[in-house]
Every structure is written in C-alpha cells, then in structure tokens.
Amino acid sequence: MLGCPRMSQKKRYWLFKSEPSVFSWSDLESAPQQTTYWEGVRNYQARNTLRDDVAVGDEVFFYHSQEKAIVGVCKVTRSGYPDHTAFDSKNKYYDPKSKKESPTWYMVDIQLKKALNRPATLEELKPIAKLKPMKLLQKGMRLSVQPVTESEWQTILKLTN
DNA sequence: GCCAACGTTGGC
DNA sequence: GCCAACGTTGGC
C-alpha cells in the first residue's frame with residue numbers, strides 16, 4: 001500500500017523467548033493454523049517493540065528459555081494489537097492498570113514457518129565472532145522480545161543447515 | 001539452587 | 001523525583 005510507511009519497509013527479524021513449560025514449539029505445532037497470539041509480555045521495552053515495530057511478514061526466531069536454544073522460525077501474521085489477557089481478572093496475565101480504552105499491553109500473532117533442522121543453542125552461538133553483538137548473547141539481557149539483525153539471522157540459519 | 005543484574009513499585 | 005525494597009530472569 002502506498003503511503004503506508006511501514007509497508008514499504010524491509011522485512012525485519014526478531015527473537016521471541018518462551019518458557020517451554022508455558023508455551024512451547026510443540027504447542028505451536030498443534031495450535032489451530034499453527035498460529036498463536038503472543039500473550040503476556042509485561043515489559044515496557046518489549047511492549048513498545050510489539051506495538052510499534054513488529055510488522056506482518058517479519059520473521060521470528062522462537063527461543064526456548066529453559067533449553068536455551070532457538071528451535072524454529074515463525075512469521076508475523078498480525079501486527080500489534082491490545083493484549084486482551086490483561087483485561088481478564090481470571091487470567092494469570094491480568095493487569096488492572098490496562099484499560100480497554102487505553103491498553104497498556106500489546107500482542108502480535110505469529111504462525112509457525114519451519115523448525116530449525118536442529119536447535120541452535122546459546123552455548124554454540126556464544127563463541128561465534130559474527131554474533132558477538134547479538135542482543136541475546138549480552139550479559140544481563142532478559143528482554144523476551146528483541147531485534148535480530150539480518151546478518152545474525154542468516155548466520156544462525158546457515159549454522160543449522 | 002544460588003545470586004547478580006535488571007525492572008518495577010511504593011514511600012517519602 | 002529519588003531510592004530502597006521487592007520480584008523475576010538468567011548465568012553459572
């Protein structure tokens with residue numbers, strides 16, 4: 001669409017972390033249309049990314065926190081919209097501060113694209129010189145939604161090929 | 001399982 | 001608006 005600034009932008013790459021005991025790659029495999037909304041992000045920086053930067057067509061590394069490995073690739077099928085789990089008092093992600101008129105928290109939808117041939121572990125990524133600046137590998141980095149550069153993306157894909 | 005590094009909350 | 005207290009994450 002002309003005139004829509006984000007539309008004309010190049011595809012971007014992201015990494016989403018998930019606790020496999022909460023929501024795993026295999027949960028995504030068995031989800032309807034292998035699609036899920038990315039609920040429960042309760043960190044402002046990650047929220048800003050979901051709300052403002054993640055766009056339809058972008059690609060996402062799915063990272064298992066416990067396993068400490070990237071396990072698959074997804075694509076974004078819906079860009080930022082209010083995280084409805086924050087409105088539900090029975091939901092574990094309930095946040096009374098977030099109002100429907102002015103939502104605090106946002107989510108996107110992602111769809112499974114393909115599993116990596118094998119998981120790319122944090123351990124093996126760390127010594128790779130090209131990946132040294134990668135957000136995931138920085139000390140104290142706990143962001144659950146983070147950008148990945150195209151070169152980092154390609155390096156990791158090549159590694160697991 | 002411990003503890004350092006963060007982010008958030010709340011008292012002042 | 002500062003900062004101590006607290007909760008959570010993640011490296012080891």
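The shown structure was predicted, so the numbers you read here are calculated from the model rather than taken from an experiment. Sequence lines set the chain letters: A, B, ... in the order given, protein chains first and strands last, and positions in each chain run from 1.
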Point-to-point distance, once rounded to the nearest 0.5 Å, from [atom1] of [X] to [atom2] of [Y]:
| X | Y | atom1 | atom2 | result |
| --- | --- | --- | --- | --- |
| A:E150 | A:K11 | CD | NZ | 8.5 Å |
| A:M107 | A:L50 | CE | CG | 9.5 Å |
| A:F61 | A:L157 | CZ | CG | 4.5 Å |
| A:I156 | A:L15 | CD1 | CG | 7.5 Å |
| A:Q138 | A:K132 | CD | NZ | 9.0 Å |

Taking the inter-plane angle between the rings of [X] and [Y] on a 0 to 90° scale, is it parallel (under 30°), tilted (30 to 60°) or perpendicular (over 60°)?
| X | Y | result |
| --- | --- | --- |
| A:Y44 | A:W105 | tilted |
| A:W38 | A:F16 | tilted |
| A:F23 | A:F62 | tilted |

Please confirm whether the backbone N or O of A:T104 pairs with a side-chain atom of A:R47, one donor and one acceptor, at under 3.5 Å?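 Yes; at least one donor-acceptor contact below 3.5 Å.
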Checking A:S24 against A:D27 for the side chain to side chain donor-acceptor pair (under 3.5 Å) test, could you report, in this order, the C-alpha distance in whole Å, the side-chain angles of both residues, the deciding distance, and whether it holds? CA-CA 5 Å; A:S24 68; A:D27 291 330; 3.2 Å; yes
For DNA chain B, find the residues of [range] with a heavy-atom distance under 4.0 Å and give them by number; none if there aren't any.
| range | value |
| --- | --- |
| residues 81-107 of chain A | A:K97 |
| residues 136-146 of chain A | A:K139, A:G140, A:R142 |
| residues 39-50 of chain A | A:N43, A:Y44 |

Tell me every residue that passes side chain to side chain contact (heavy atoms under 4.5 Å, CB included) with [X], counting only those two or more places apart in sequence or in another chain.
| X | result |
| --- | --- |
| A:T155 | A:I128, A:K130, A:L131 |
| A:S65 | A:K17, A:E19, A:Y63 |
| A:Q111 | A:Q33, A:T35, A:K75, A:T77 |
| A:Q45 | A:N43, A:L143 |

Applying salt bridge (Lys or Arg N to Asp or Glu O under 4.0 Å) as the test, list every pair that has at least one member in residues 109-129 of chain A; sequence neighbours left out.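 Counting only pairs at least two positions apart or across chains, the salt bridge (Lys or Arg N to Asp or Glu O under 4.0 Å) contacts touching residues 109-129 of chain A are A:E59-A:K113, A:R118-A:E124.
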Within one Ile-Leu-Val-Met-Phe-Trp-Tyr cluster: A:V41 and A:W14, side-chain cutoff 4.5 Å: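 Yes, A:V41 and A:W14 fall within the same hydrophobic cluster.
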Boundaries of the chain A footprint along DNA chain B (any atom under 4.0 Å from a heavy atom):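 Counting from the 5' end, contacts occupy B:dA5 to B:dT9.
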Note down the inter-axis angle between the two ends of the helix from B:dG1-C:dC12 to B:dC12-C:dG1, five pairs each, to the nearest 10°.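 Roughly 0°, once rounded to the nearest ten degrees.
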Contact residues, residues 122-133 of chain A to DNA chain C [heavy atom, < 4.0 Å]: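 Contacts with DNA chain C under 4.0 Å: A:L122, A:K126.
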With A:R42 via salt bridge (charged side-chain N to carboxylate O under 4.0 Å, His left out) - residues at least two apart: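 Partners of A:R42 under the salt bridge (charged side-chain N to carboxylate O under 4.0 Å, His left out) test: A:D83.
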